[in-house]
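Convention: sequence-line order gives letters A, B, ...; per-chain numbering from 1.
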2 protein chains.
Amino acid sequence: MATIKDVAKLANVSTATVSRVLNSNGYVNHSTKVRVNESIEKLNYRPNDVARSLFKGRSKMIALFVPDIMNPFFPELARAVEDMTNRHGYTFVLCNTDDSIEKELTYFNALQQKSVDGIIVVSSSITNNYLDTIDTPIIALDRKLSSSLPSVTVNNRVGAREAVRHLKATGCKRIAHLCGPDSVSNTTQRMRGYLDEVKDTEWFLSSYIASGEYNFEKAMEATTALLTAHPEIDGIFVANDVMGVGALKAAEALGIHVPNELSIIGYDGIALGNTTTPSLTTMAQPIYEIGTRAAEMLIKQINDPSHRPKNEELSVRLIERQSTKARR
Amino acid sequence: MATIKDVAKLANVSTATVSRVLNSNGYVNHSTKVRVNESIEKLNYRPNDVARSLFKGRSKMIALFVPDIMNPFFPELARAVEDMTNRHGYTFVLCNTDDSIEKELTYFNALQQKSVDGIIVVSSSITNNYLDTIDTPIIALDRKLSSSLPSVTVNNRVGAREAVRHLKATGCKRIAHLCGPDSVSNTTQRMRGYLDEVKDTEWFLSSYIASGEYNFEKAMEATTALLTAHPEIDGIFVANDVMGVGALKAAEALGIHVPNELSIIGYDGIALGNTTTPSLTTMAQPIYEIGTRAAEMLIKQINDPSHRPKNEELSVRLIERQSTKARR
DNA sequence: ATGAAAGCGCTAACAC
DNA sequence: GTGTTAGCGCTTTCAT
């Protein structure tokens with residue numbers, strides 16, 4: 001690999017001049033600029049980013065922490081973040097945390113040693129006082145972490161209410177809820193939205209709420225238990241699509257027809273919901289947009305550290321598919 | 001961030017000595033070692049990886065090129081590669097290429113400027129003579145690229161034969177094939193396996209082969225067309241699971257019962273195949289192992305550049321689920 | 001066993 | 001306009 005010295009020598013100028021044309025920085029005569037560019041071309045010179053990073057203290061890298069990229073909610077998010085960071089010349093680092101605080105801290109350290117410019121985080125476990133330690137810009141995604149940390153989320157509670165209302169509108173009389181893990185803030189929000197709609201009805205029972213841990217198999221088990229214990233249930237608001245598909249499968253295994261006997265609505269709007277028969281009605285998050293916005297906010301903050309981004313809340317929207325249907 | 005100088009000063013030694021204890025390199029007196037470690041502790045010192053990289057010319061980073069992480073085959077692969085690279089202290093960079101040669105080249109350049117230590121590539125487009133340009137270790141995955149490039153793949157042709165034989169064994173008399181895009185080497189291999197089994201039968205027609213481009217929607221369309229044109233088809237060997245699920249959905253939309261009237265077998269063994277009803281019988285690749293092996297091979301080659309890894313071919317295995325069933 | 005110093009490749013004062 | 005040089009933080013000869 002040719003270095004800036006080689007270019008300087010070939011063009012008969014100093015390295016400073018080469019650096020100037022490289023960065024379009026300061027004055028440089030047109031003719032010498034041409035000469036330098038020719039030399040760059042001839043040597044197929046590419047500046048060494050590591051040397052640049054060392055000098056600048058910044059690396060042009062952005063990292064994304066997700067619990068597990070194998071969870072189908074995250075690839076689209078990752079894709080969005082990668083696209084946007086790329087567009088701004090950043091390299092994209094992906095970190096699977098398994099929701100483990102140890103892994104998160106290990107990653108944080110490693111990335112700081114590499115002068116990573118910023119981090120986007122889907123996490124439930126990072127503590128507030130640890131974050132104060134760090135001066136690397138961070139944006140929280142999908143789950144709120146702390147008030148001090150800028151975040152991009154959706155209106156979970158409102159969306160949940162809308163989901164339950166949709167079930168009511170299609171004629172459901174007994175509506176259950178399959179929720180996520182306690183530790184995650186959006187679990188609480190979505191459950192609140194559900195309760196907003198049902199807690200004052202005469203039929204509501206606390207045993208209509210079951211946890212599926214945002215997990216396909218767990219959701220199947222929970223749904224089976226739920227429908228067995230409460231055959232009267234004719235609608236389920238499921239807190240994410242992965243579990244929604246699990247619920248679908250459980251109902252079919254029990255011989256309960258969806259949507260004729262049971263309506264199911266999910267949350268997230270991932271592609272998976274479209275692959276089943278019946279396809280899954282859902283409250284769709286603008287996943288790609290969430291990732292895009294988070295990346296934009298982060299990049300803005302990187303370029304202007306004084307700029308403290310606000311929390312942003314995007315809206316979910318109902319996508320009606322085959323798992324819910326108006327009944328008489 | 002404390003630097004090595006700060007540590008040296010506090011411990012009353014030179015930076016060289018600190019470096020020695022840092023890297024367990026060369027002789028250093030036990031007592032001074034202790035003193036240095038205390039200083040490191042006290043200052044919460046972490047070595048600057050960028051400076052290290054600049055000196056060494058290596059960055060402790062490994063990149064993975066995939067066409068699109070939103071394609072459900074790739075998250076598991078990415079996860080495997082990340083786990084293994086992490087275990088060896090590497091940082092994991094993910095690049096979505098969209099199968100575009102321009103994007104691939106842009107990434108290659110960017111990564112080389114960052115002194116990336118090695119790259120794992122799922123690609124159909126990188127040219128042989130470009131690869132010769134590069135001295136960064138590279139491993140090809142899933143698709144063979146060139147004989148000169150070490151690769152990890154599966155026995156696609158044999159697996160395809162096995163898939164078709166499974167359909168025959170369950171009683172299928174007219175077996176069609178839904179294939180992937182021409183440009184991908186495993187499309188050809190899987191089709192060959194199919195042809196091995198059917199081309200000499202009296203019933204085989206070349207119009208029994210349709211392309212679904214490894215795409216869910218395209219596969220639905222192709223399947224609909226296929227089954228409409230050839231109602232006699234009672235088995236389909238589908239070249240990947242994403243298309244398999246599409247075929248399933250198309251059949252159901254046509255009112256054709258799977259597996260009673262039509263058997264469908266996919267390829268890949270991704271989790272998606274388990275979420276449908278009926279669940280999808282498939283030839284499962286050891287996806288995680290493929291990623292793991294590729295990462296291991298790459299790391300070995302990084303540590304010993306003279307070591308030229310061999311091509312490795314892993315085996316697929318049949319997973320019987322509900323979309324195929326013995327018929328009388 | 002330890003220190004001094006050169007150098008990895010680049011950028012940004014500071015001279016001229 | 002252009003060159004000289006110090007320095008980003010680290011590792012590694014080469015002395016001692």
Side-chain angles (χ1 to χ4, degrees), chain A residues 1-40 43-61 89 109-117 135, chain B residues 1-40 43-61 89 109-117 135:
Chain A
M1 285 276 262
T3 75
I4 199 172
K5 267 189 189 164
D6 302 325
V7 177
K9 199 171 294 173
L10 183 60
N12 258 310
V13 295
S14 74
T15 60
T17 301
V18 177
S19 177
R20 284 190 192 98
V21 342
L22 238 40
N23 303 289
S24 326
N25 228 352
Y27 291 90
V28 39
N29 211 337
H30 181 70
S31 63
T32 71
K33 184 172 176 175
V34 169
R35 228 169 52 246
V36 168
N37 278 324
E38 281 172 1
S39 304
I40 288 177
L43 295 173
N44 190 26
Y45 166 74
R46 302 271 152 216
N48 181 325
D49 267 344
V50 179
R52 276 187 171 167
S53 295
L54 178 57
F55 181 86
K56 299 229 178 188
R58 336 218 266 97
S59 65
K60 278 283 177 184
M61 297 199 301
N109 276 327
L111 293 172
Q112 284 193 296
Q113 292 182 234
K114 286 195 155 23
S115 300
V116 162
D117 294 351
D135 53 347
Chain B
M1 286 277 262
T3 74
I4 199 172
K5 267 189 190 167
D6 303 325
V7 177
K9 200 171 295 173
L10 184 60
N12 259 306
V13 295
S14 73
T15 60
T17 301
V18 177
S19 177
R20 285 192 191 97
V21 342
L22 239 41
N23 303 289
S24 326
N25 226 352
Y27 293 91
V28 40
N29 211 337
H30 181 70
S31 63
T32 71
K33 185 173 175 175
V34 170
R35 232 171 46 249
V36 168
N37 277 324
E38 281 172 2
S39 305
I40 289 177
L43 295 173
N44 190 25
Y45 166 75
R46 303 269 152 217
N48 180 323
D49 266 345
V50 179
R52 276 186 171 169
S53 296
L54 178 58
F55 182 87
K56 299 228 179 192
R58 338 220 265 97
S59 64
K60 277 281 175 188
M61 297 199 302
N109 277 327
L111 294 172
Q112 284 193 296
Q113 292 182 234
K114 287 196 156 19
S115 300
V116 162
D117 293 352
D135 53 348

Q: Nearest whole angstrom, please: distance from the C1' of D:dG1 to the OH of A:Tyr27.
A: 10 Å

Q | Any A:Ser14 side-chain N or O less than 4.0 Å from OP1/OP2 of D:dG3 | A | yes

Q. If you check the A:Ala16 side chain, which of C:dT11, D:dC10, D:dT4 turns out closest?
A. D:dT4

Q: In whole angstrom, give the distance that lies between atom CG of A:Asp49 and atom C1' of D:dC8.
A: 15 Å

Q) Any idea which heavy atoms bring B:Asp6 and B:Met1 closest together, and the distance? A) OD2-O, 4.5 Å

Q: Identify the heavy atoms of B:Gln112 and B:Asp135 that sit nearest to each other, and give their distance.
A: NE2-OD1, 4.0 Å

Q.
What is the separation between atom CZ on A:Arg20 and atom C1' on D:dG3, rounded to the nearest whole Å?
A. 8 Å

Q: Can you tell me the distance, in whole Å, between the CG atom of B:Asn23 and the C1' atom of D:dG9?
A: 13 Å

Q | Shortest non-hydrogen separation from A:Ile4 to A:Tyr45 and the atoms involved | A | N-CE1, 3.5 Å

Q. From the list D:dC14, D:dT5, C:dA5, which nucleotide is the closest neighbour of the side chain of B:Thr15?
A. C:dA5

Q. Of all the nucleotides listed (C:dG9, C:dG3, D:dC10), which has the minimum atom distance to the side chain of A:Ala51?
A. C:dG9

Q | Nearest heavy atoms of A:Ser59 and A:Ser53, plus distance in Å | A | CA-OG, 3.3 Å

(Q) Under 4.0 Å, heavy atoms only, any strand: does B:Thr32 hit a base, just the sugar-phosphate, or nothing? (A) sugar-phosphate

Q: Under 4.0 Å between any heavy atoms, over every strand shown, what does B:Thr17 touch: base, sugar-phosphate, or nothing? Just pick one.
A: sugar-phosphate

Q) What is the distance, rounded to the nearest whole Å, between atom NZ of A:Lys114 and atom C1' of D:dC8? A) 17 Å

Q: Would you mind reading off the distance between B:Gln113 atom CD and C:dG9 atom P, rounded to a whole angstrom?
A: 14 Å

Q. Between D:dG7, D:dC10, D:dG3, which one does the side chain of A:Val13 approach most closely?
A. D:dG3

Q) Roughly, in whole Å, what's the span from NZ in A:Lys56 to P in C:dG9? A) 19 Å

Q | Shortest non-hydrogen contact from B:Val36 toward B:Val7 | A | O-CG1, 4.2 Å

Q) Should B:Tyr45 be listed as having a side-chain N or O under 4.0 Å from OP1 or OP2 of D:dC10? A) yes

Q) Among D:dT12, C:dT2, D:dG1, which nucleotide sits nearest the side chain of B:Asn29? A) C:dT2

Q: Taking only the side-chain heavy atoms of B:Ile4 (C-beta and beyond), determine which of D:dG1, D:dC10, C:dA1 contains the nearest atom.
A: D:dC10

Q | Test item: B:Arg58 side-chain N/O and B:Asp117 main-chain N/O as donor-acceptor pair under 3.5 Å | A | no

Q: For B:Asn25, answer base if it contacts any base atom (sugar-phosphate contacts may also be present), sugar-phosphate if it contacts only those atoms, and nothing otherwise; contact means non-hydrogen atoms under 4.0 Å.
A: sugar-phosphate

Q. Distance check: side-chain N/O of A:Arg52 vs OP1/OP2 of C:dG9, anything under 4.0 Å?
A. no

**Q.** Sugar-phosphate, base or nothing in reach of A:Val50, heavy atoms under 4.0 Å
**A.** nothing

Q) Atom CG of B:Leu22 and atom P of D:dT12: how far apart are they, to the nearest Å? A) 11 Å

Q: Report yes if at least one side-chain N or O of A:Asn48 is closer than 4.0 Å to OP1 or OP2 of C:dC8; otherwise report no.
A: no

(Q) Need one value for B:Asn12: base, sugar-phosphate or nothing, where a base atom within 4.0 Å counts as base even if backbone is also close, heavy atoms only. (A) sugar-phosphate

Q) With a 4.0 Å cut-off on heavy atoms, is A:Val18 in touch with a base, just the backbone sugar-phosphate, or nothing at all? A) nothing

